[in-house]
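What you see is a predicted model; the values in this text were computed from it and never measured.
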Amino acid sequence: QVQLVESGGGLVQAGGSLRLSCAASGRTTDYYAMGWFRQAPGKEREFVATISKTGTTTYYAASVKGRFTISRDNAKNTVYLQMNSLKPEDTAVYYCAARTDYRTSISRDDYPDWGQGTQVTVSS
């Protein structure tokens with residue numbers, strides 16, 4: 001199992017930026033492809049972004065493409081989500097998740113390990 005801890009959430013006004021971090025520990029040899037998901041009140045958990053093990057391949061949900069950037073620093077066992085031009089509809093709890101595969105995936109079922117989440121609130 002890989003332990004994941006998100007940080008960087010908070011309150012920001014519309015149009016602002018935040019950078020989320022996800023630090024991995026434990027069985028980091030299984031820390032391959034990575035994903036970010038989010039869940040707003042009353043809604044299903046939805047895909048946000050994913051990145052391959054090497055960081056050469058990324059994929060984004062249409063709702064965040066062009067505004068968010070996922071990256072990773074494998075030497076630090078950390079994955080980031082840079083969030084720009086934030087909108088009120090981005091308000092959610094953001095979760096990072098790790099695969100045991102090197103390929104990207106948009107399916108939450110492909111991620112066996114999850115962090116506890118960090119709250120992002122965007123005011124209008």
Side-chain angles (χ1 to χ4, degrees):
Q1 182 182 0
V2 174
Q3 289 76 50
L4 305 173
V5 180
E6 302 96 335
S7 62
L11 175 65
V12 64
Q13 60 185 270
S17 298
L18 286 173
R19 189 183 75 162
L20 306 183
S21 299
C22 179
S25 62
R27 297 179 61 189
T28 54
T29 54
D30 295 330
Y31 179 50
Y32 290 173
M34 182 72 186
W36 284 97
F37 295 77
R38 66 187 182 186
Q39 188 166 18
K43 294 186 177 181
E44 295 291 320
R45 181 177 51 184
E46 66 176 357
F47 166 75
V48 175
T50 182
I51 187 168
S52 63
K53 180 181 180 180
T54 63
T56 58
T57 301
T58 59
Y59 187 78
Y60 299 89
S63 59
V64 307
K65 190 174 184 179
R67 300 188 297 120
F68 292 7
T69 302
I70 187 171
S71 61
R72 68 191 301 161
D73 186 339
N74 288 346
K76 298 180 179 179
N77 291 327
T78 302
V79 175
Y80 305 95
L81 185 68
Q82 179 66 45
M83 309 164 66
N84 298 326
S85 301
L86 284 163
K87 305 174 181 179
E89 50 263 45
D90 295 319
T91 296
V93 177
Y94 283 71
Y95 299 90
C96 62
R99 298 198 68 189
T100 54
D101 191 278
Y102 56 86
R103 297 170 293 178
T104 59
S105 175
I106 67 171
S107 174
R108 58 181 181 266
D109 293 335
D110 287 334
Y111 295 85
D113 297 310
W114 294 79
Q116 294 298 309
T118 185
Q119 177 71 49
V120 172
T121 302
V122 184
S123 64
S124 59

K.L.:
Would a hydrophobic clustering, with Ile, Leu, Val, Met, Phe, Trp and Tyr connected at side-chain separations under 4.5 Å, put Val48 with Tyr60?
P.N.:
yes

K.L.:
Between Trp36 and Phe68 (judged by ring centroids, cut-off 6.0 Å), do the two rings come close enough to count as a pair?
P.N.:
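Centroid separation for Trp36 and Phe68: 6.0 Å or greater.
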
K.L.:
Roughly how far, to the nearest 0.5 Å, is the OH atom of Tyr102 from the OG1 atom of Thr57?
P.N.:
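If we round to the nearest 0.5 Å, Thr57:OG1 and Tyr102:OH are 10.5 Å apart.
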
K.L.:
Might you confirm whether atom CD of Glu89 has over 12 heavy atoms from other residues, nucleotides or ligands at distances under 6.0 Å?
P.N.:
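Counting other residues, nucleotides and ligands, CD of Glu89 exceeds 12 neighbours.
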
K.L.:
Tell me, with the steps shown, if Gln119 and Thr91 meet side chain to side chain contact (heavy atoms under 4.5 Å, CB included).
P.N.:
CA-CA 8 Å; Gln119 177 71 49; Thr91 296; 4.0 Å; yes

K.L.:
Is the backbone N or O of Arg45 less than 3.5 Å from a side-chain atom of Arg108, with the two atoms forming a donor-acceptor pair by type?
P.N.:
yes

K.L.:
Report the C-alpha distance between Thr104 and Thr58 in whole Å, list the side-chain angles of each, state the deciding distance to 0.1 Å, and finish with yes or no for side chain to side chain contact (heavy atoms under 4.5 Å, CB included).
P.N.:
CA-CA 7 Å; Thr104 59; Thr58 59; over 6 Å; no

K.L.:
What's the spacing between Arg72 CZ and Ser52 OG if we round to 0.5 Å?
P.N.:
7.0 Å

K.L.:
Locate the shortest heavy-atom distance separating Ala14 from Pro88; write the atom from each residue and the value.
P.N.:
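Shortest heavy-atom separation between Ala14 and Pro88 comes out as CB-CD, 4.2 Å.
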
K.L.:
To the nearest 0.5 angstrom, please state how far the OH atom of Tyr59 sits from the CD1 atom of Ile51.
P.N.:
15.5 Å

K.L.:
Quick one: pull up OH in Tyr80 and SG in Cys96 and give me the separation to the nearest 0.5 Å.
P.N.:
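Separation between the atoms: 12.0 Å.
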
K.L.:
Could you state the interatomic distance from CG (Leu11) to CG (Leu18), rounded to the nearest 0.5 Å?
P.N.:
8.5 Å

K.L.:
Does a side-chain heavy-atom distance below 4.5 Å link Met83 with Val12?
P.N.:
no

K.L.:
Check the orientation of Trp114 and Tyr95. Use parallel for under 30°, tilted for 30 to 60°, and perpendicular for over 60°.
P.N.:
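Perpendicular.
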
K.L.:
Kindly give the heavy-atom pair with the smallest separation between Asn84 and Ser17, and that separation in Å.
P.N.:
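Answer, listing the atom of Asn84 first, then Ser17: OD1-OG, 2.9 Å.
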
K.L.:
Determine, step by step, whether Leu20 and Glu6 satisfy the side chain to side chain contact (heavy atoms under 4.5 Å, CB included) criterion, reporting the C-alpha distance in whole Å, the side-chain angles of both residues, the deciding distance to 0.1 Å, and the verdict.
P.N.:
CA-CA 7 Å; Leu20 306 183; Glu6 302 96 335; over 6 Å; no

K.L.:
Closest approach of Tyr111 and Gly35, non-hydrogen atoms and distance?
P.N.:
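In terms of heavy atoms, the two residues are closest at CE2-N, 3.4 Å.
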
K.L.:
How about Gln82 and Ser71: do any of their side-chain heavy atoms sit closer than 4.5 Å?
P.N.:
no

K.L.:
Closer than 3.5 angstrom, by distance alone: can the side chain of Asn74 be matched with the main-chain N or O of Thr54 as a donor-acceptor pair?
P.N.:
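A pair under 3.5 Å: no.
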
K.L.:
Identify the two heavy atoms, one from Thr78 and one from Lys76, that lie closest to each other, and give their separation to 0.1 Å.
P.N.:
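So the minimum-distance heavy-atom pair works out to OG1-O, 2.9 Å.
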
K.L.:
Step by step, would you call Arg38 with Val64 a side chain to side chain contact (heavy atoms under 4.5 Å, CB included)?
P.N.:
CA-CA 11 Å; Arg38 66 187 182 186; Val64 307; 3.9 Å; yes

K.L.:
In terms of hydrophobic clusters joined by side-chain contacts under 4.5 Å, are Leu81 and Leu4 together?
P.N.:
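Cluster IDs for Leu81 and Leu4 match.
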
K.L.:
More than 12 non-hydrogen atoms from neighbouring residues, nucleotides or ligands closer than 6.0 Å to CD on Gln39, yes or no?
P.N.:
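Count over threshold, so yes.
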
K.L.:
How many angstroms lie between atom OG1 of Thr50 and atom CD1 of Ile106, to the nearest 0.5 angstrom?
P.N.:
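Those atoms lie 9.5 Å apart.
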
K.L.:
Between Arg67 and Ser85, is there a donor-acceptor pair closer than 3.5 Å when you use the side chain of the first and the backbone of the second?
P.N.:
yes

K.L.:
Which atoms form the tightest heavy-atom contact between Cys22 and Met34, and what is the distance?
P.N.:
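Reported closest heavy-atom pair: SG-CE, 3.3 Å.
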
